[in-house]
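Here the structure is laid out as structure tokens; the discussion comes afterwards.
Residues: numbered from 1 along the sequence shown. Note: hydrogens, waters and symmetry copies are ignored here, and every other heavy atom, side chains too, is used.
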Amino acid sequence: MPVVDVDPEELRQLTGHDEKSDEELKDDLFALGLEYEGETEDGEFQLEFAPDRLDRLSVEGVARSLRYQYGDDRGVYVPKTNDAEWTIEVEESVPEERPYVTGAVVRGVDLEGGELDSLIQLQEKLHATMGRKRAKGAIGVHDLAMLKGHSGDGAGEKSISYRGVEPDGDTFVPLDDDEERTPAEVLVEHDTGEQYAPLVEGLERYPAIYDDIGLFSFPPVINGKRTEVEEGSRDLFIEMTGTDQWTIDKMCAIVCYALDARGGRIEEVTVEYPDRELTRPDLSTTSKTVSHERIETTLGIDIAGEDVVDLLERAGLDADTSDEEGSDDDTVELEDVPTQRLESRSEPDVTEPATADTSGELVYEVEIPPYRVDVLHPMDIVDDVGRAYGFNGLEPKYPDVSTVGGRHETSRLEDAARDALVGLGFEDLLNFHMTNESELFERMSLSPDDEALGARVPATITEPYSEDYTVVRTWALPSLLMVLENNTHRAYPQDLSEIGLVASVDLEEPTNVAEGRSVAGVVARTDASYEDAKARLQAIARAFDAELETPPTEHPSFISGRTAEVVLDGESVGVIGEAHPAVLVEHDLEVPVAGFEFDLEGLR
């Protein structure tokens, strides 16, 4: 999950609530779904949040959400934009692998203080999440005063060009460098160039952006030093390139909103493709419909229509109501039909209060601001209503059914196994079920084609938010190794366990996915051995009156000769062994690790 560093003093300043103590801020942030994870050495809050709310990747976005929560702001706000003076000309030579560009000019920004650091953090977090580590979208921020535009057709118009460049063609001085280099030289002689070289590997021509002086940006790799933004910069040129126009337009909107909160004045740019012309940034709003009945039944509350409108405005949305027969908009699309752009305003338009209507005919047409990339379904609107209402204010109710639920037998078994592990000294963990193929296979020296535990075809997410979470894990031990990797600064021994979901593609299942519960444990210490892991495994087997056998086997993640099958009551259900040195090195572990994993059903 993304973690953002936020200065509490900046939060108080941007929200206008100097009276808020740190503890009060933490409580208010938690109500928004932002979890406090600790503090930096400079006293900044480290906040973890769901990766869908990308508008909160900066202190400006967090402060905006708090102002809505406090009731200081209401309804949809769209910044005013000045007419375009600059044009981005997209030439035919642009590599077809990265054909799209967008941009904006922001004037009058004061970057002295923490503002520049906040902008850099927002850029990095957007790259890591929505930009898929720059593969889908990359951001370039430049000092406008250092650009010299090509002469345009109209009076006072200026332009830059997005084109392709030969790998050994024109030269420029990249950031953090003092030498003129060709793009090809940057990829092998510059640290940042080496890191992002795979993004342009194999292209005949590389993406490049030129002004009248020459090459000043090599997206998605690195910007030029000539246009570097410093604390004294006041006018900024923002350009974003990528593989999808919608993605980079939304990234641009999020950055523009953050700079608008700092007093910047947004100015449009014209993007001229060979076959069409766009005006950017795209700050048009979208809309979705949701019924009053769905809001009430989902949240389990009786609420008047005017109160729903009030809660939507406190969530940063606007709503019009209709008493006509209608249904929810259940489409889940990344692009909705834009409504007419609203002018910037401090107070929302007055909406005619709706009357409570339990017939299901009352429908809300909800307007969504451009920075809310997470609103894809009516349930996202319901979630906003519930959060503005206050989830802690919802009263638990028994469902209107004739039976009372009870704990499932599998759940009882899981709890018993968890108790046994904790009793043996393991620290119980709850890891994410989502991960990526590199963590499951490459870093564990495993291949999906191997005949070994965990070597199965994973269930893949079609449209993941992040490259870090693209598949459902096929086994649990990689999750425990990641925890060990992130806690090398902690004292040893570290004995960790988890009982959790694993899944893999299985076309014989009705859902095409086979799911199961896996029991995994690791022992990390200077003298950890196969015998340590087996002793704990034997204790678990005895607790469930299961007969344990451990015949020798081979597994790529474990040391040959120090690996065995886990056989419970005659059925092979898992593996146990000492982690292979290659796996330890891959996870930066300097102590031996022994571990086991088996199917929970083996204890039944």
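Taking the ring centre of Y371 as origin, the terminal cationic atom of R56 falls outside the region bounded by 6.0 Å and 45° from the ring axis. Relative to the ring axis of Y196, R134 places its NZ or CZ within 45° and under 6.0 Å from the centre.
In this structure, S479 contributes its side chain and N431 its backbone to no donor-acceptor pair below 3.5 Å. Judged purely by atom type and a 3.5 angstrom limit, H580 has no side-chain atom pairing as donor or acceptor with the backbone of S445. At least one donor-acceptor pair under 3.5 Å links the side chain of T129 to the backbone N or O of K125. Proximity of a side-chain donor or acceptor of R536 to a complementary backbone N or O of D532 within less than 3.5 Å is detected. Distance alone, capped at 3.5 Å, is enough to place a donor-acceptor pair between the Q123 side chain and the I139 backbone. Here the side chain of D117 pairs no donor or acceptor atom with the backbone of G114 at under 3.5 angstrom. In this structure, T298 contributes its side chain and I295 its backbone to no donor-acceptor pair below 3.5 Å. Panel note: side chain D383, backbone M379; no donor-acceptor pair is recorded below 3.5 Å. No donor-acceptor pair closer than 3.5 Å links the side chain of H587 to the backbone N or O of L589. Proximity of a side-chain donor or acceptor of Q121 to a complementary backbone N or O of D5 within less than 3.5 Å is detected.
A ring-ring contact (aromatic ring centres under 6.0 Å, His included) check over residues 2-30, counting only residues at least two apart or in different chains, returns the pairs H17-Y70. Applying the salt bridge (Lys or Arg N to Asp or Glu O under 4.0 Å) definition to pairs two or more places apart or across chains, those involving residues 470-481 are R473-E498.
A salt bridge is defined here as a Lys NZ or Arg NE, NH1 or NH2 lying under 4.0 Å from an Asp or Glu carboxylate O, and D235 with R107 meets this definition. A salt bridge does not link E60 with R64: none of the charged nitrogens is closer than 4.0 Å to a carboxylate oxygen. Residues D249 and R280 are paired through a salt bridge, judged by an N-O separation under 4.0 Å between the basic side chain and the carboxylate. Here R74 pairs with D310 in a salt bridge; the nearest charged N to carboxylate O distance falls below 4.0 Å. A salt bridge links E439 and R443; the closest N-O separation between the charged side-chain nitrogens and carboxylate oxygens is under 4.0 Å. At a threshold of 4.0 Å, the pair R372-D384 counts as salt-bridged, since one of the basic side-chain nitrogens sits closer than that to a carboxylate oxygen. D495 has a carboxylate O that lies under 4.0 Å from a charged side-chain N of R525, or vice versa, which qualifies the two as a salt bridge.
Contact of the L34 side chain with the V62 side chain is registered, since non-hydrogen atoms from C-beta on lie closer than 4.5 Å. By the 4.5 Å heavy-atom criterion applied to side chains, D374 and L54 are not counted as neighbours. Between Y36 and L25, the closest side-chain pair of non-hydrogen atoms is not below 4.5 Å. Within the 4.5 Å cutoff, side-chain heavy atoms of L111 are placed close to those of L236. Using a 4.5 Å heavy-atom cutoff, the side chains of T102 and W246 are not in contact. Looking at heavy atoms from C-beta onward, E597 lies out of side-chain contact with V519 at the 4.5 angstrom threshold. Looking at L119 and E115, their side chains never come closer than 4.5 Å, going by heavy atoms from C-beta outward. Side-chain contact between R517 and V502 is absent, with no heavy-atom pair separated by less than 4.5 Å.
Shown here for S65 and R53, the closest heavy-atom pair between the two residues is OG-NH2, 3.8 Å. Considering all non-hydrogen atoms of both residues, R407 and D415 come closest at NH1-OD2, 2.9 Å. Nearest heavy atoms, T192 versus V221: CG2-O, 3.5 Å. Across Q494 and N487, no two heavy atoms sit closer than the pair NE2-O, 3.0 Å. Counting all heavy atoms, side chain and backbone alike, R67 lies closest to L14 at CD-O, 3.6 Å. Between G521 and L477, the shortest heavy-atom distance links the atoms O-CD2, 3.9 Å.
Here CG of D177 is found 9.5 Å from CG of D191. Values are rounded to the nearest 0.5 Å. Summarising the geometry, atom OH belonging to Y100 is positioned 7.5 Å from atom CD belonging to Q245; distances are rounded to the nearest 0.5 Å. Summarising the geometry, atom CG belonging to L147 is positioned 10.0 Å from atom CD1 belonging to I209; distances are rounded to the nearest 0.5 Å. Atom CG of D428 and atom CD1 of I499 lie 7.0 Å apart (nearest 0.5 Å). From L421, atom CG reaches atom CD1 of I540 across 4.0 Å, with rounding to the nearest 0.5 Å. For the atom pair CZ of F218 and CG of N223, the computed distance is 11.5 Å after rounding to the nearest 0.5 Å.
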With side chain to side chain contact (heavy atoms under 4.5 Å, CB included) as the criterion, how do E228 and D143 come out once you've worked through the C-alpha distance, each side chain's angles and the decisive distance to 0.1 Å?
CA-CA 6 Å; E228 181 178 6; D143 189 333; over 6 Å; no
Under the criterion salt bridge (charged side-chain N to carboxylate O under 4.0 Å, His left out), I'd like the reasoning laid out for R132 against E467: C-alpha separation, chi angles, the key distance, then a yes or no.
CA-CA 6 Å; R132 309 284 168 82; E467 286 189 345; over 6 Å; no
Test D110 against R234 for salt bridge (charged side-chain N to carboxylate O under 4.0 Å, His left out), laying out the working first.
CA-CA 6 Å; D110 184 359; R234 290 295 175 266; 3.7 Å; yes
List the steps and the verdict of salt bridge (charged side-chain N to carboxylate O under 4.0 Å, His left out) for E179 and K225.
CA-CA 10 Å; E179 298 290 333; K225 190 172 184 178; over 6 Å; no
Could you go step by step and tell me if L446 and L440 meet the side chain to side chain contact (heavy atoms under 4.5 Å, CB included) rule?
CA-CA 8 Å; L446 186 66; L440 289 178; over 6 Å; no
Going through the checks in order, is the side chain to side chain contact (heavy atoms under 4.5 Å, CB included) test met by R314 and Y68?
CA-CA 5 Å; R314 286 183 52 205; Y68 279 120; 5.7 Å; no
R12/D22 under salt bridge (charged side-chain N to carboxylate O under 4.0 Å, His left out): CA gap, chis, key distance, verdict:
CA-CA 10 Å; R12 282 184 271 265; D22 283 1; 3.0 Å; yes
Assess whether side chain to side chain contact (heavy atoms under 4.5 Å, CB included) is satisfied between E442 and E437, documenting all intermediate values.
CA-CA 7 Å; E442 296 174 22; E437 293 193 54; 5.9 Å; no
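Side-chain polar atoms of S217 and E239 form a donor-acceptor pair below 3.5 angstrom. Checked by atom type, the side-chain pair D260/Y77 shows a donor-acceptor distance below 3.5 Å. If you check the side chains of D42 and T40, you find no donor sitting under 3.5 Å from an acceptor.
No more than 12 heavy atoms of other residues, nucleotides or ligands lie within 6.0 Å of CD in E427, so this atom counts as exposed by the packing criterion. For CD of E19, the number of neighbouring non-hydrogen atoms (other residues, nucleotides, ligands) closer than 6.0 Å is greater than 12.
For A503, the side-chain contact (heavy atoms from CB on, under 4.5 Å) partners two or more places apart in sequence, or in a different chain, are V472, V513, E515.
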